[in-house]
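Each remark here refers to the structure printed beneath this line.
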Amino acid sequence: MLSRLEEHPEDRLTCSAIIFSRVCREVWMIGDCQCLIGTEYYDNPKPYEDELAAMRADEVKRQLAEGKTKDDLLRHDTARDVIIPRMIETMHQQNITYSVIDGFHIPREHVRIMTLDFRPWEIVLASDGYPFLCPTLAESESRLYQQRTDDPLNIGAFKATKAFHPDFNSFDDRSYVRLKV
């Protein structure tokens with residue numbers, strides 16, 4: 001399968017990781033993830049993610065205007081279906097213009113690195129499944145719940161490439177780790 005995966009990165013299993021190296025006193029971001037270092041926010045979005053989310057939001061609004069219901073779109077996000085070809089096209093740039101973990105070489109220049117000095121720090125490492133990263137898990141979960149309540153289609157102030165499906169408590173994977181170093 002190696003030759004197939006070399007030619008079709010959209011078929012590769014991929015993941016993101018955010019790592020704190022105690023030895024180097026660095027945070028390494030591979031793929032789309034986010035962190036707080038003290039009160040400073042950092043993220044590492046995939047290129048075109050904002051553009052694709054905006055395209056999907058426009059498509060959701062168009063479909064709603066044509067008579068689709070919010071519930072229809074939450075059950076089957078047909079607006080996401082519209083952007084899938086463009087998403088697949090952007091996957092051909094993984095580990096070329098942006099980093100992911102996919103079994104192939106990860107170019108170091110696409111790993112975002114933040115260096116911490118030697119004073120004490122509180123850091124939060126998280127996946128991109130939190131639309132609003134906060135200093136505590138409870139606050140981040142609360143903001144996620146509020147997003148789901150106020151804008152489950154994710155087409156308002158926070159835009160995403162997918163909506164909240166009614167059977168799930170989130171629109172994306174979530175991981176959250178807070179530590180003091």
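What you are looking at is a predicted structure, and each value in this text was computed from that prediction instead of being measured.
- In this view, Glu10 and His8, His92 satisfy the side-chain hydrogen bond (donor to acceptor under 3.5 Å, both in side chains) rule, not counting sequence neighbours.
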Next item on the list: Under the side-chain contact (heavy atoms from CB on, under 4.5 Å) rule, what do Asp173 and Asp128 come out as? Steps first, then yes or no, please.
Entry: CA-CA 7 Å; Asp173 61 283; Asp128 65 339; 4.1 Å; yes
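- Salt bridge status for Glu139 with Arg143: absent, with no side-chain N to carboxylate O gap under 4.0 Å.
- Ile37 is connected to Ile18 through a chain of hydrophobic side-chain contacts under 4.5 Å among Ile, Leu, Val, Met, Phe, Trp and Tyr, so both are in one cluster.
- Using a distance-only test at 3.5 Å, with no hydrogens or angles considered, no donor-acceptor pair links the side chain of Ser140 to the main chain of Leu133.
- In this structure Arg12 satisfies the salt bridge (Lys or Arg N to Asp or Glu O under 4.0 Å) test together with Asp102, sequence neighbours excluded.
- Atom CG of Asn44 and atom CD of Glu49 lie 11.5 Å apart (nearest 0.5 Å).
- Interatomic distance, Lys46 NZ to Thr90 OG1, rounded to the nearest 0.5 Å: 7.5 Å.
- Taken together through direct or relayed side-chain contacts under 4.5 Å among Ile, Leu, Val, Met, Phe, Trp and Tyr, Val181 and Met29 form part of one hydrophobic cluster.
- Side-chain heavy atoms closer than 4.5 Å link hydrophobic residues (I, L, V, M, F, W, Y) into clusters, and following such links, even through other members, never connects Val100 to Val111.
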Margin query: For a side-chain hydrogen bond (donor to acceptor under 3.5 Å, both in side chains) check, start with the C-alpha distance between Lys68 and Thr78, then their side-chain angles and the critical distance, and finish with the verdict.
Written below: CA-CA 10 Å; Lys68 273 228 165 139; Thr78 51; 3.0 Å; yes
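- Leu153 CG to Leu73 CG: the interatomic distance, rounded to the nearest 0.5 Å, is 6.0 Å.
- Atom-to-atom distance recorded for Phe171:CZ and Arg148:CZ is 12.0 Å, nearest 0.5 angstrom.
- For the residue pair Val27 and Phe20, the shortest heavy atom distance occurs at CG2-CD1, 4.1 Å.
- Summarising the geometry of Met55 relative to Ile83, their closest heavy-atom pair is CB-CG2, 4.0 Å, with the distance given to 0.1 Å.
- Remark: side-chain polar atoms of Ser127 are paired, donor with acceptor, to backbone N or O of Ser175 under 3.5 angstrom.
- A salt bridge does not link Asp117 to Arg25: none of the charged nitrogens lies less than 4.0 Å from a carboxylate oxygen.
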Item checked: Test log, rule side-chain contact (heavy atoms from CB on, under 4.5 Å), inputs Asp167 and Arg75 -> CA-CA 9 Å; Asp167 295 339; Arg75 283 269 161 216; 3.2 Å; yes
Note to self: Run Gln94 and Thr14 through side-chain hydrogen bond (donor to acceptor under 3.5 Å, both in side chains) and show every step you take.
What the structure shows: CA-CA 10 Å; Gln94 66 192 40; Thr14 63; 5.3 Å; no
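- Under a cut-off of 6.0 angstrom, the local environment of OH in Tyr41 is crowded, with over 12 non-hydrogen atoms contributed by other residues, nucleotides or ligands.
- Considering every non-hydrogen atom in both Leu144 and Gly129, the closest pair reads CD1-O, 3.7 Å.
- Listed for the Thr149 side chain is a donor-acceptor partner under 3.5 Å among the backbone atoms of Tyr145.
- Scored by the ring pair (Phe, Tyr, Trp, His ring centres under 6.0 Å) test, Tyr130 finds Tyr176 as partners (sequence neighbours excluded).
- Counting non-hydrogen atoms of other residues, nucleotides and ligands closer than 6.0 Å to NZ of Lys70 gives a total of 12 or fewer.
- Side-chain contact check for Glu51 versus Arg86: some heavy-atom pair is nearer than 4.5 Å.
- No donor-acceptor pair under 3.5 Å is formed between the side chain of His110 and the backbone N or O of Asn95.
- Between atom NZ of residue Lys162 and atom OG of residue Ser170 there is a gap of 9.0 Å, rounded to the nearest 0.5 Å.
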Notebook entry, point to check: Gln147 and Asn154: side-chain contact (heavy atoms from CB on, under 4.5 Å), yes or no, with the steps?
Noted result: CA-CA 8 Å; Gln147 176 66 27; Asn154 291 328; 2.9 Å; yes
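- The two residues Pro135 and Val124 come nearest to each other via the heavy atoms O-CG2, 3.9 Å.
- Grouping the Ile, Leu, Val, Met, Phe, Trp and Tyr side chains by contacts below 4.5 angstrom, directly or via other members, places Trp121 with Met114.
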Next item on the list: Take Tyr98 and Gln93 through the test side-chain hydrogen bond (donor to acceptor under 3.5 Å, both in side chains) and record every step on the way to the result.
Entry: CA-CA 7 Å; Tyr98 67 96; Gln93 293 301 307; over 6 Å; no
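- Between Arg56 and Glu59 there is no salt bridge, since no side-chain N of the basic residue sits under 4.0 Å from a carboxylate O of the acidic one.
- At a threshold of 4.5 Å between side-chain heavy atoms, the hydrophobic network of Ile, Leu, Val, Met, Phe, Trp and Tyr places Leu125 and Leu137 in two separate groups.
- Listed by chain and number, the residues in a ring pair (Phe, Tyr, Trp, His ring centres under 6.0 Å) with Phe118 amount to none (sequence neighbours excluded).
- When the shell of 6.0 Å around OH of Tyr48 is examined, it contains 12 or fewer heavy atoms from other residues, nucleotides or ligands.
- With sequence neighbours left out, Asp43 forms a side-chain hydrogen bond (donor to acceptor under 3.5 Å, both in side chains) with no residue at all.
- For the atom pair NZ of Lys159 and CG of Asp151, the computed distance is 8.5 Å after rounding to the nearest 0.5 Å.
- Remark: side-chain polar atoms of Asp77 are paired, donor with acceptor, to backbone N or O of Ala163 under 3.5 angstrom.
- The closest side-chain heavy-atom distance from Arg178 to Thr136 is below 4.5 Å.
- The two residues Gly31 and Ser16 come nearest to each other via the heavy atoms CA-OG, 3.4 Å.
- Partners of Asp71 by side-chain hydrogen bond (donor to acceptor under 3.5 Å, both in side chains), not counting sequence neighbours: none found.
- Taking every heavy atom of both residues into account, Thr161 and Leu52 meet most closely at CG2-CB, 4.0 Å.
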